[in-house]
Amino acid sequence: MKRTHDCGQLRESNSGDIVVLAGWVNNFRDQGKGLAFIDLRDRGGITQVVFNLEDCDAQTVEYAHSLRREDVVAIKGVVQPRQGKANEKLSTGSIEVIGQTIEVLNRTDNPPILPDEHDGEKISEEVRLKYRYIDLRRPRMQEILRIRHLVARTTREYFDEHGFLEIETPLLIKSTPEGARDFIVPSRIYPGEWYALPQSPQIFKQILMVAGCDRYLQICKCLRDEDPRADRQAEFTQIDLELSFVDRDDILDLMEGFMRSLFKQVIDVDLGDIPRMPWSEAMERFGSDRPDLRFDLELQDISELAARTDFRVFTEALAKEDGAVKAIRVPDGAGSFSRKVTDGYNEVARAHGAGGLPTVKYTANGFETGIAKFLDGIGDDLVALLGLEPGDAVLFTADTRDIANTALGAVRLAAAADLDLIPEGRHDALWVIDFPMFKWDDDGKRWASEHHPFTAPRADQLEILESNPGKCLSDGYDFVVNGSEAGGGSIRIHDPNVQKTVFSLLNLSEEEAKSKFGFLLDALRYGAPPHGGIAFGLDRLVMLLAGTDNIRDVIAFPKTQNGGDLMSQAPGPVDMAQLEELQLSVVEKAKSD
RNA sequence: GGGGCGGUAGCUCAAUUGGUUAGAGUUCUGGACUGUCGAUCCAGUGGUUGCGGGUUCGAGUCCCGUCCGCCUCGCCA
């Protein structure tokens, strides 16, 4: 029997048609010897099939009674309007198929989990990952896989229309010193030497620009041997792009068009104008380089007022180099912030480097609790500056400007989640621009790239690149949606001399740079066009579009926090012969204690 | 590498201060039922309490170690 329709297709207009459906038995309801209902499920949906003695022989009805959940069957029958009540939960709920013939394609063992819409979300992730082939049968998972497909399809369509070529870059490449830890692959032909798997195709896509490819696109796997998070996997997918003869605004304009069509086509959301915010403003107002603009609770600088208090936490912070006191006003926070809640925020602030989180409530009687007694001299000015109303709470951080901002930024997110200030279904995007070129690495006592070592300084910043690298701004940009970094890129350095200067600021010797990136430096010497690009995190875009906060939900076969695949049991040992061929041996690490 | 939460029947969970034979729902098995749709009703199967030690008259419960899962800090150019 050949399938004629999928299980989501049939409507009342099909009444009288003879059809063949195939799929999994989602559920069955036996109603006695002569009547049985089978809910048949495939990727398209669910259709009810009914077997009874009026429409088929007793043997077939009995066969229908023997079907169990997740058996795989093909069923031939006639479409008719529902005899009983319609089921509004199903797209096919107004019809049913009168079953006439059953072909069992495969019986199932008793399944460890069921891809049931009611239980699916409750099953522990550990079991879902082990039996991923059953978990993925769930309509929700099928929906996410489809969203992911739509993202890839829309990407290829949009960039094809704008003159991009899809070009593959190698997976076995040379290890690079900057950035994340590499996954490495031993070379059989050169024993003792190693390939690295790409953290991104960065250098290759720049070389494609030197090669005259003009506009490049790739949907590619990237691999970074670092610990995962809820929104991060060691193995992930990027939408990787690079363009020649463009400036920053050309790229941002083109990518905005892409993002708008993506959100429109996949979830029918209008992103509207996408604001561009300097990095310094994002840090000052939101305490984050990826601000969530769906709610207020903006950070305010109260350093001048704080300097007039006798509160040592404030005055000692302000005595530091580039010290600051920041505050957020939490409307109606006085009532909802118990001691337990503010203690929790205190921990958040401490986890981000702040010494603590001074707190005060503002009521009809003025400031109360917490640090109220220290605010006597500045009370009215503080009320005016923050726009306080009775019932508000105020949270403070005091430290170096950087720590005060990031710690309070983290508290801002925690408070918004607690107070339910984040609107459902809303998507607020922005570009963060004018990043610093470098950040100071205190451990390594050197400058490190804020973005990556090929990011160009802004043209108007070239003169301070060497004299004041900490203040030098780059031509980099991040695309941020709902507080999640969904993409990032930059105009690249196309002048080999500027590239050399940046390498030396990163404390990369000329010799080292030559051995690691020599081929890029060479390429830049032979007629490199001005170019720039961006990479979007495809997994994170799918998360946003699908409305999940778990990256494993948007990857068909994801890995766990320990980098394992619970289904295939990777990683695993290999044969001694394989190691010998590679001239490798495993050395047991001595216990340090 | 650090911190936190968790692991009990195939699945989701319960088990009082350390105390009787570790329970419930569901899946599954058998039976009843001709319009159900998370069907219902009756009966039954199902346990290395993650694993290894220890304390105790007695451990799912306390202690030590270890493995696994999740969240998080570090890390992620």
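Source: prediction; values computed, not measured. No hydrogens, no waters, no symmetry mates; every other heavy atom, side chains included, goes into these values. Residue numbers begin at 1 in each chain, while the letters A, B, ... track the order of the sequences.
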Side-chain (A/Asp475) to main-chain (A/Pro457) donor-acceptor, under 3.5 angstrom:
no

Check: A/Lys559 main-chain N/O paired with A/Gln233 side-chain donor or acceptor under 3.5 Å
yes

Does a nitrogen or oxygen in the side chain of A/Lys122 sit under 4.0 Å from OP1 or OP2 of B/U26?
no

Under 4.0 Å between any heavy atoms, over every strand shown, what does [X] touch: base, sugar-phosphate, or nothing? Just pick one.
X        : value
A/Asp225 : nothing
A/Arg552 : sugar-phosphate
A/Gln48  : base
A/Gln31  : base
A/Asn562 : sugar-phosphate
A/Lys85  : base
A/Arg68  : sugar-phosphate
A/Gln202 : base

With a 6.0 Å cut-off (strictly less than), is the heavy-atom count around CZ of A/Arg446, excluding the residue itself, greater than 12?
yes

Please lay out, stage by stage, how A/Asn26 and A/Arg41 fare under the test side chain to side chain donor-acceptor pair (under 3.5 Å).
CA-CA 6 Å; A/Asn26 192 63; A/Arg41 183 196 72 242; 2.8 Å; yes

